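Please read the structure below before turning to the comments.
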2 protein chains.
Amino acid sequence: MSDSSKTNKQVFAFEEGDGKNKKLLGGKGANLCEMTQIGLNVPPGFVISTEACLSYLAAPGGGLPKDLLAAIHAQLKVIETKTGKRFGDAKNPLLVSVRSGSAMSMPGMMDTILNLGLNEQTLAGEIEQTGDPRFGYDTYRRFIQLFGKIALGVSDELFDKELSVVKQNRGVKEDLALSADDLKEVSERFLRVVQEQTGKPFPSDPYEQLDQSVKAVFDSWMGKRAVDYRREFKITPDMANGTAVNICTMVFGNRGNDSATGVGFTRNPATGENQLYGEYLVNAQGEDVVAGIRTPKPLDAMSKEMPDLFRQLQELRAKLENHYHEVQDFEFTIERNTLYCLQTRNGKMNTTAMVRSSVEMEKAGLITRRQALLRITPESLAQMLFPRLDPNADARPLARGLPASPGATSGHAIFDADRAEQQGKAGKPVILVREETKPEDIHGFFASRGILTSRGGKTSHAAVVARGMGKPCVAGAEGIEVNVALRLATMGETIIHEGDIITIDGTSGLVYLGVVATLEAEITAELNVLLAWADKEARLAVMANADTPDDAKRALQLGAKGIGLCRTERMFNASDRLPIVLEMIIAEDLAQRQLALDRLLPIQRADFKGLLKTMAGLPVTIRLLDPPIHEFLPAEQQLVREIDELNHLLKTASGMEILSGTLDLLQDEELNPAEAARIKSNTVSPHVVELAITKKQAILKKVRALHEVNPMLGHRGVRLGITFPEIYLMQIRALAEATVECVKEGLDVHPEIMVPQVCTSAELRFVKGYVDQVVAEVEKSSGIKAKLKFGTMMEVVRACLRADSLAKEAEFFSFGTNDLTQATFSFSREDAENKFLPAYNQKDVLHDNPFEVLDTQGVGRLMKLAIEGGRAARPELTIGICGEHGGHPASIRFCHQIGLDYVSCSAPRVPIARLAAAHAKLSEG
Amino acid sequence: MSDSSKTNKQVFAFEEGDGKNKKLLGGKGANLCEMTQIGLNVPPGFVISTEACLSYLAAPGGGLPKDLLAAIHAQLKVIETKTGKRFGDAKNPLLVSVRSGSAMSMPGMMDTILNLGLNEQTLAGEIEQTGDPRFGYDTYRRFIQLFGKIALGVSDELFDKELSVVKQNRGVKEDLALSADDLKEVSERFLRVVQEQTGKPFPSDPYEQLDQSVKAVFDSWMGKRAVDYRREFKITPDMANGTAVNICTMVFGNRGNDSATGVGFTRNPATGENQLYGEYLVNAQGEDVVAGIRTPKPLDAMSKEMPDLFRQLQELRAKLENHYHEVQDFEFTIERNTLYCLQTRNGKMNTTAMVRSSVEMEKAGLITRRQALLRITPESLAQMLFPRLDPNADARPLARGLPASPGATSGHAIFDADRAEQQGKAGKPVILVREETKPEDIHGFFASRGILTSRGGKTSHAAVVARGMGKPCVAGAEGIEVNVALRLATMGETIIHEGDIITIDGTSGLVYLGVVATLEAEITAELNVLLAWADKEARLAVMANADTPDDAKRALQLGAKGIGLCRTERMFNASDRLPIVLEMIIAEDLAQRQLALDRLLPIQRADFKGLLKTMAGLPVTIRLLDPPIHEFLPAEQQLVREIDELNHLLKTASGMEILSGTLDLLQDEELNPAEAARIKSNTVSPHVVELAITKKQAILKKVRALHEVNPMLGHRGVRLGITFPEIYLMQIRALAEATVECVKEGLDVHPEIMVPQVCTSAELRFVKGYVDQVVAEVEKSSGIKAKLKFGTMMEVVRACLRADSLAKEAEFFSFGTNDLTQATFSFSREDAENKFLPAYNQKDVLHDNPFEVLDTQGVGRLMKLAIEGGRAARPELTIGICGEHGGHPASIRFCHQIGLDYVSCSAPRVPIARLAAAHAKLSEG
């Protein structure tokens, strides 16, 4: 067919239209054509094209062009031939539906007119044909109302009022209770309404009815609501231009017990199981299913009730999947033992079902492996990986915070870490609720199911630690006021006392009172099959961020190909280590500090050994200490308060009566048994209190000395390594010795050392000097080679700009895009997300939060510069990313495009990243 | 002369040697050759080359090669011919000096041997020639000691002991009191010392003396001290290899009243005045001048005492300047009416003298304008621009801080801004001493001569504000503990009570007790001439950072070509505005905030008008509000303390007795006259105290709400403009209205609006929308055009990466390299300079502080990317810099090289920048 004839043809039988050409036929029309052409039993009909609509609209004031009318009438004739019915016939009348449909779904355009073609004469024929006057009048009055409202602009209310009057007169409440005569009266009243409102009788000529309906549909394209909608959602003419009109033979599922209506899924949308799924009603219309007056039966029941039709339905199901290569959600009607398919579309399923059907359809040869992978959105896997609130649970949130670590859980609200640990160890489910958390709260994290804070953003301590542990966290829920002293929290007018049960949803950021039902994570066999396919397709390797052997094990189970980031400071935070770390920090000189470090060395060595053993055969990237050391210290205000309390105690308590709060303060101290006993009996010597004050004052002094104006840009990372080499030397020695111990046990281990916050190659040379020195010593004393791969974080802008120089020292680069984004935008994440990013989004200054969606134009440009520079200086350089962006699909795609070798993300996101890595490769085109 | 003959020749008469070839002849030898060859009367002599030294050292154990000895003897013959004296002659002996001299000045090598050639016989001849036995024996004993020590390695102490013995025997204290016989005895004792120590008699053969001296000089090149020195100062063989030996005829200024010795400058080194300057002693040796036993006379005196020789000296002076084209510092000796020039070198002068001589030498045609400019280091102009400590003052610093704003000043130490204002207004010189300052202290700055803080870095509030005002500031003097409550500060063991006088030097960072004499700044007519020349040469324009009309006037006087940065927030800080700003900040809603802004509008308009008028004809760049608004609020701890004090007062004071501190707290409040009177009489109603508490609590709440984790990366700059548009709208309106008012007065004004902290072009579009809207309104209501040029700060990394996109909105770029450096390195300046940059410098990880010396490789690369991107999108884009680097010569050179259009710096540094801009252009080569 030539282009010119194409543009001349304005009306297409369902057998003719191109099912792919939604622009010309609208979405609905194209779908009807496609279904017809693949042999589904669609009621006969045709589509009037969007071009016809545009031509009509371009010639204002006129009616439908003659050639268009002629083509419409010609198509009616075809239908008449197929159905044996005749439009306007008094014996066996043809009734049709008229529907709008543009290339994009768009509310505000004309809706559906059913039963078009009825008038006094054809109604009589219809009643004769069906032998059912009630059905006839019911059909008629529905038509009058729909046509009156949609084509003639008569208000719905006027019809509804008449219907009410009749029902009142008859003393009935339900439409169903009206008899044929009642409905006859209704239709007569309706006809009068039309006469009164339009000043003209209701059009009885079916052709005139059709003509007016088509024009009404066309006109509705330029209706205010449709125009507003297109403007609001930025629907431009190249996306959808004009509406098509679909004319389709009416079929009725309410023609008796040999008729029915229903909906079906080609597979179970909840589980993905490969079986017909759905429900139906005998002798009913589609709207009856929707109205919920009768309860539909599952489709299984049809195999007994209508066995032949059930077989046809199974055939339909097979046809649909064979054609669409996708699970279908379809509507059908059975009219007197004939099955019609009225609509089909891709079925919406949950992720578990998507994954199962992907694997099974691939195995059945219905789809390719590529299709199996691409039909699942990587982010949707989160549904399977984290527990979530039961969508059917009826719960009203009390407060909203930031969704800081995904997953949902319930537990007793506890307001401090010590008590959380106590209760958690006693087996209670606990949720730690704090204004904000500090490293000293870490034992409370271990003991809790989830964390809720009222301050701080998505990179607050609580958020970052919870994500690392895979525990749900809601952070910065500013509506909550936590009062630790009174052991309660207020959320609006609700007061939560310690011990009350709450539920938090770290995926949405919502907080609920009481238990809200949750659905557990489920990693199915099919998911593992799918992810194995993903790994085969992907070019990017997926590693995990993991800080403990337990984290590493989970990462391995989820398919991580190594550890891309181990944050050694997390090891410092454990409650048995923090006191030693504190000693290290408040040490007055190197000798004192070295004593503390000597105690930390075997602990770190054991940590590293555990990781290396777990990940044997795979790389383990150890990042040297990164955060400013003041992060390990208590907050200044807390110390001041504690010292005040202790001083108050000294002054006021006679015989040393102890307040419970103060007792807690003292229990931190190292006491001798006699003193401990006195504490237990609530008496204590002033000397003990004085000692505690002295120690706390020393810490307070250090806290003040270490105070920084902008800690994010402060004394941290390699800057600590250069000012206090002894810390890095200890960590390097711990790793070298752990490596040697593993090698002795015959393990194949791949330790890597990564230096944080690097901005110049001289820093790398400096640390490399330590590594070479320590490794030489350890190799000499053990007689075993301990090769440590050496690399750098790329999280400082200058590092990216000087990548060529850095690559001369580093064997690998790992982008830390969180810090890099902060520095590139000069946005402090915590300040930005609370203070101005919402306004930036609202006012359309920034479309995305750059901490969630990698900024490819700014940060991405720096990354490209770094890759160019680095590979130019060292072609075999390994390059990855270990920031949070490394777990987000759009960012993973960008990482793939710019040539990274791997991404590393938190363990629970590894499956998402594996699928995203495959998508990135597959969508290269 | 061919190369091979050049390498063969090892001994050069002063008439022969190449005065430029310091590598071959050493610095001293080359200088003697040059002086001889330009016709100065240098005593005859010759140079043994460094190559001769290396050859000798390469053949270990041997003596001087025969051909070398022959060449030396041949040159001696030449001298004999010239002088009529003979080496070793008993009648008229030739005496010589022997000196080492390599290409670089290097302590640790052999020093000078004078009077070589003396023995029993030649001494007799010398006595006969001079008729002065005392002179003869004095000369002899000096030679024995020098040769004994230097060539033979005999300890000085042994000689000194013998001399003491003789003086004791004679009962005299001074060498001068010794007679000829005494000195004869001394020389005999010295000869015995040599015999005893070396086991050999003192060498009497002058040729042997010479041979041994030359070898001793050569050997000293490999002496331990010389080798250590070269290693320490990284002197490599290509810089200096081997030492030369200079042999020169002795001349004596102590041969009678027709003899003399002295030093001269061709111009006055203190003032630059074009006159012979120096001093001399008749009948004396050079060492007598140094020893200070006799007081030398000014050279003027010579015009009467020795008129002919004075004339010769004037000729010498002219010859020197004509040859060297530089002021010379020379040494001379007159032996029996003959003037000898012994040494000359470029004169070290202070900057005032350098500037004057540059201008005068150029006018005299001695040097080109280019040379006149290039001989003055831009940074050295600071000497003329800021008051400085008198270098002759004898003062010991008490403490050291950071040199935060240059200049030196003295005054009474005052510990808070209110009292400083009080005392300053009373006419007392005041230095404000604080732990750190806040914007609310600004009135104290105005009233003080200088600022001293014990905390904070070079970008602390105190430092930045003081620099802007051109007042001296020493910041972060951590040795000082300020105790405001007790009204004292401790510096080590010294206690400074309020009112004690101290002196601070913001150029060195030192703090002194009491008054230390200072020299005032002096901008001379010659400096203005020189800077006008600089402006003609320079391609870069120099603008100034100025916030008030006063600043602008000073900048104009110092030659600024416009204002490149006006920090509008400085206007907010003035003490009459801060209360309104406070109201704006604590406003609960937009309406309240607008009320405060409406009061600020006329104030800002007047500010802007003042600036525009002052700078009529030149551009004035107004930067919209930049700092986070919490910077305008008092510190949290201070508020807490004040509220505590007020609460304490409420609880304890019966009849409302007021403590003096609390009285101050209340005076901030707006009180009615009766209450004010009661405050004055030290009584006040509880209600007033309660009101004060309520207000302070509101501020405290706001301080806490506005708290930021990393304020440097926080809610500031354009982010404020987007979240609180009303602030920027007020500022834009103030500028547009001020412009219109100026135009009405017939002034040619060039206002520019600059947006801070921009990271994306959408931010610029947003603000541009305000500008267009406000300008349209103001133009409409006034009927006058108000064109505001629109541009952006480039201080965020992303802005540099997206410069092409930004240049579509901005007509100019201005680099803020302080913030840009912070973001590029991820260094917070305040934290870095206190906490780790010292270690980085010490351990050679970073050579320079990047906040002082622009980092060309990292930050500079970003700037280049930005310039490329910006000019590609808008070729006529104006690009400048307004960070502190804009006032530093090395950075200005870089700015010139990468094609900036202008630099803008603090007003006092404008002259430095103008000269540096000229240097940058001139050194393009």
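Residue numbers start from 1 in every chain, and the chains themselves are labelled A, B, ... in the order their sequence lines are given, proteins ahead of strands. What you see is a predicted model; the values in this text were computed from it and never measured.
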Test side-chain hydrogen bond (donor to acceptor under 3.5 Å, both in side chains) applied to A:Ser454 - qualifying residues, sequence neighbours left out: none
Taking every non-hydrogen pair under 4.5 Å, which of B:Leu720, B:Leu837, B:Leu706, B:Val797 racks up the most with chain A? B:Val797
Using modelled atom types and a 3.5 Å cut-off, is there a donor and acceptor pairing between side-chain atoms of B:Ser814 and backbone atoms of B:Met793? no
Which atoms of B:Ala803 approach chain A - backbone, side chain, both or neither, heavy atom under 4.5 Å: neither
Backbone N or O of B:Phe851 within a donor-acceptor pair of the B:His885 side chain at under 3.5 Å? yes
Bottom line for B:Pro725: the part with an atom under 4.5 Å from chain A's heavy atoms is side chain
Would you mind telling me which of B:Asp844, B:Thr723, B:Ile722, B:Val859 has the largest number of heavy-atom pairs within less than 4.5 Å of chain A? B:Ile722
Quick check on B:Lys843: does its NZ atom have over 12 non-hydrogen neighbours (other residues, nucleotides or ligands) under 6.0 Å away? yes
Aromatic ring centroids of B:Phe766 and B:Tyr770 under 6.0 Å? yes
Under 4.5 Å from a heavy atom of chain A, the part of B:Asp855 involved: side chain
Tell me, for B:Val718 versus chain A, whether the close heavy atoms (under 4.5 Å) come from the side chain, the backbone, both or neither. both
Shorter than 4.5 Å, heavy atoms on both sides: which option in A:Gly717, A:Ala799, A:Gly714 has the most such pairs with chain B? A:Gly714
When you look at CD of B:Glu481, are more than 12 heavy atoms from neighbouring residues, nucleotides or ligands closer to it than 6.0 Å? no
Which of the residues A:Cys759, A:Ser828, A:Ala762 is involved in the greatest number of heavy-atom pairs with chain B at under 4.5 angstrom? A:Ser828
Against chain A, label B:Asn710 side chain, backbone, both or neither, depending on which of its atoms sit under 4.5 Å from a heavy atom there. both
Heavy-atom pairs under 4.5 Å with chain B: which of A:Leu862, A:Val845, A:Leu846 has the most? A:Val845
Applying side-chain hydrogen bond (donor to acceptor under 3.5 Å, both in side chains) to A:Arg719 and not counting sequence neighbours gives none
Contacting region of B:Thr760 [heavy-atom separation from chain A under 4.5 Å]: side chain
Please state whether the side chain, the backbone, both or neither of A:Pro628 comes within less than 4.5 Å of a heavy atom of chain B. neither
Given a strict heavy-atom distance threshold of 4.5 Å, which part of B:Glu478 is in contact with chain A: side chain, backbone, both, or neither? neither
For A:Leu865, is it the side chain, the backbone, both, or neither that has a heavy atom closer than 4.5 Å to a heavy atom of chain B? side chain
Does a side-chain heavy-atom distance below 4.5 Å link A:His630 with A:Pro711? yes
Donor-acceptor contact present, side-chain B:Lys768 to main-chain B:Glu809, <3.5 Å: no
